[in-house]
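Residue numbers start from 1 in every chain, and the chains themselves are labelled A, B, ... in the order their sequence lines are given, proteins ahead of strands.
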Protein chains: 2
Amino acid sequence: MMRSMGTRIADTIRERIEQMIVTGEFADGERLDEVKLAEQFGVSRTPLREAFQSLAASGLLTLEARRGAFIRHPDFVELVEMFEVMAELEAMCGFRAARRVNEQQMRDIGRTIEACEAAIARGDSDEYYRENETFHHLLYEASGNSFLAREAARLHKRLKPYRRMQLRVNGRMPQSMREHRAVYAALEKSDPKAAAATLRQHVAIQGERFNDLMASYRQIAPRKAG
Amino acid sequence: MMRSMGTRIADTIRERIEQMIVTGEFADGERLDEVKLAEQFGVSRTPLREAFQSLAASGLLTLEARRGAFIRHPDFVELVEMFEVMAELEAMCGFRAARRVNEQQMRDIGRTIEACEAAIARGDSDEYYRENETFHHLLYEASGNSFLAREAARLHKRLKPYRRMQLRVNGRMPQSMREHRAVYAALEKSDPKAAAATLRQHVAIQGERFNDLMASYRQIAPRKAG
DNA sequence: TTCAATATTCTTGTATACAAGAGATTTGAC
DNA sequence: GTCAAATCTCTTGTATACAAGAATATTGAA
């Protein structure tokens with residue numbers, strides 16, 4: 001076992017660029033210069049271009065024929081659409097997890113909730129984001145549907161820069177924590193509908209949060225690059 | 001406009017291999033020989049490998065470091081998982097379409113239903129598959145969520161070989177057509193819940209269909225390649 | 001000065017060359 | 001005859017070379 005733990009440069013490059021993208025290192029419309037990046041990573045253009053293909057297929061960047069690879073932040077409408085799908089995927093995970101979650105998973109989930117709250121108390125937002133991410137990933141796994149878990153994780157990753165931006169608005173974190181606890185309670189009661197509804201609510205962009213997102217969106221996305 | 005209608009060989013290759021995969025041209029576990037395929041397509045390995053990266057990211061094949069590109073049919077469990085997600089995505093599309101579908105779209109959807117029935121009457125199964133596919137794609141579009149539509153289409157494509165296999169079992173087509181009509185009726189009544197429920201039912205692998213799928217699965221997937 | 005046509009440069013897309021690991025084959029020992 | 005070790009071949013992974021299309025700069029005319 002433990003196959004394909006590739007020493008392939010292309011894979012490494014892919015991960016590094018992916019990281020750069022989801023941490024919002026590139027501006028909207030920015031072109032990723034092949035030769036510059038290849039130089040920067042100390043490799044040739046070949047593995048870099050392979051990484052581009054992979055990233056493009058995942059939707060993290062856009063390839064335009066004979067023009068290059070571009071970062072294309074979703075416009076506001078598409079961002080809302082993506083969160084809408086994310087909300088349903090999370091709801092689906094929660095629904096299934098409520099029936100299938102085991103004790104070990106419940107302990108893990110409970111622990112991340114506490115770690116989140118501790119991070120908030122300390123004002124350690126990096127740690128909060130990490131634990132929050134873990135919470136959601138544990139939930140995906142607990143769904144018992146490995147394909148669903150992968151797809152959810154994929155979209156979750158793709159939304160990373162915008163979720164971060166969204167949570168920045170104050171007053172959101174305590175509410176978010178209450179929802180985490182509500183999810184936990186629903187799982188404990190094996191209540192699929194409650195788990196699904198809570199998670200849909202937790203992720204969806206509705207009411208006040210719609211305005212929050214719209215406001216913060218302006219601060220990030222529209223800075224067009226040369 | 002009309003950008004990126006790439007004259008890129010890599011894109012062409014990608015589509016051709018994708019087509020070969022979804023039409024079930026490769027056996028499970030089969031390795032895609034780079035030089036052989038390159039020769040076959042009359043190109044070098046470079047665009048071929050880029051196509052591989054793209055296909056791998058879409059889940060249509062698996063890359064193993066220093067071993068090559070392999071066709072890995074989902075095992076039975078994963079296949080059921082995938083249909084489970086597909087069912088939810090379709091339900092989601094139907095739910096939204098019930099509120100948002102316009103008259104032109106209703107006409108188009110109605111037309112594909114009739115074309116499907118005509119194809120069945122003629123015993124033209126190829127035409128049936130084509131129109132059935134159109135029906136579902138129209139539904140995705142009618143959801144009004146373009147991101148959702150793309151994701152649904154993506155998974156739909158990935159499931160293509162297995163859906164085909166699944167529908168082959170006799171007695172299924174008339175039932176399938178009744179469900180299409182039920183979806184149409186729900187859209188006409190602007191009844192989101194009915195549309196969602198019908199589509200979930202239409203796609204989900206449950207009851208009798210579970211056995212049908214399992215039986216036919218054995219005929220396709222397990223033929224391991226050298 | 002401004003616009004357009006042309007020339008030039010730059011970047012992408014593809015092919016080829018080369019390096020290194022995986023798999024197959026052969027050889028040798030028991 | 002069977003198993004294991006070493007060799008050899010074949011395939012992948014990466015780098016480089018080359019071709020062609022975009023983008024940019026330049027030149028000329030109005």
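Within the structure, every side-chain polar atom (N or O) of T46(A) is placed at least 4.0 Å from both OP1 and OP2 of dT14(D).
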Are any protein N/O atoms closer than 3.5 Å to N/O atoms in nucleotides 10-13 of chain D? If there are, list each pair with its distance.
unit_1, atom_1, unit_2, atom_2, d
dT11(D), O3', R31(B), NH2, 2.8
dT12(D), OP1, R31(B), NE, 3.3
dT12(D), OP1, R31(B), NH2, 3.2
dG13(D), OP1, R8(A), NH1, 3.3
dG13(D), OP1, R66(B), N, 2.8
dG13(D), OP2, R49(B), NH1, 2.8
dG13(D), OP2, R49(B), NH2, 3.4
dG13(D), N7, R45(B), NH2, 2.7
dG13(D), O6, R45(B), NH1, 3.1

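Cation-pi contact between R150(B) and F147(B): absent, since separation from the ring centre below 6.0 Å together with deviation from the ring axis within 45° is not met.
Salt-bridge annotation for E131(B) and R111(B): absent, with no side-chain N of the basic residue lying under 4.0 Å from a carboxylate O of the acidic one.
Between F70(B) and F26(B), a ring centre-to-centre spacing not shorter than 6.0 Å is recorded.
As rounded to whole Å, 15 Å separates atom P of dT14(D) from atom CZ of R14(A).
Looking at residues two or more places apart in sequence or on another chain, you find a ring-ring contact (aromatic ring centres under 6.0 Å, His included) between F135(B) and H180(B).
With rounding to the nearest 0.5 angstrom, the CG atom of L139(A) is 11.0 Å from the NE2 atom of H137(A).
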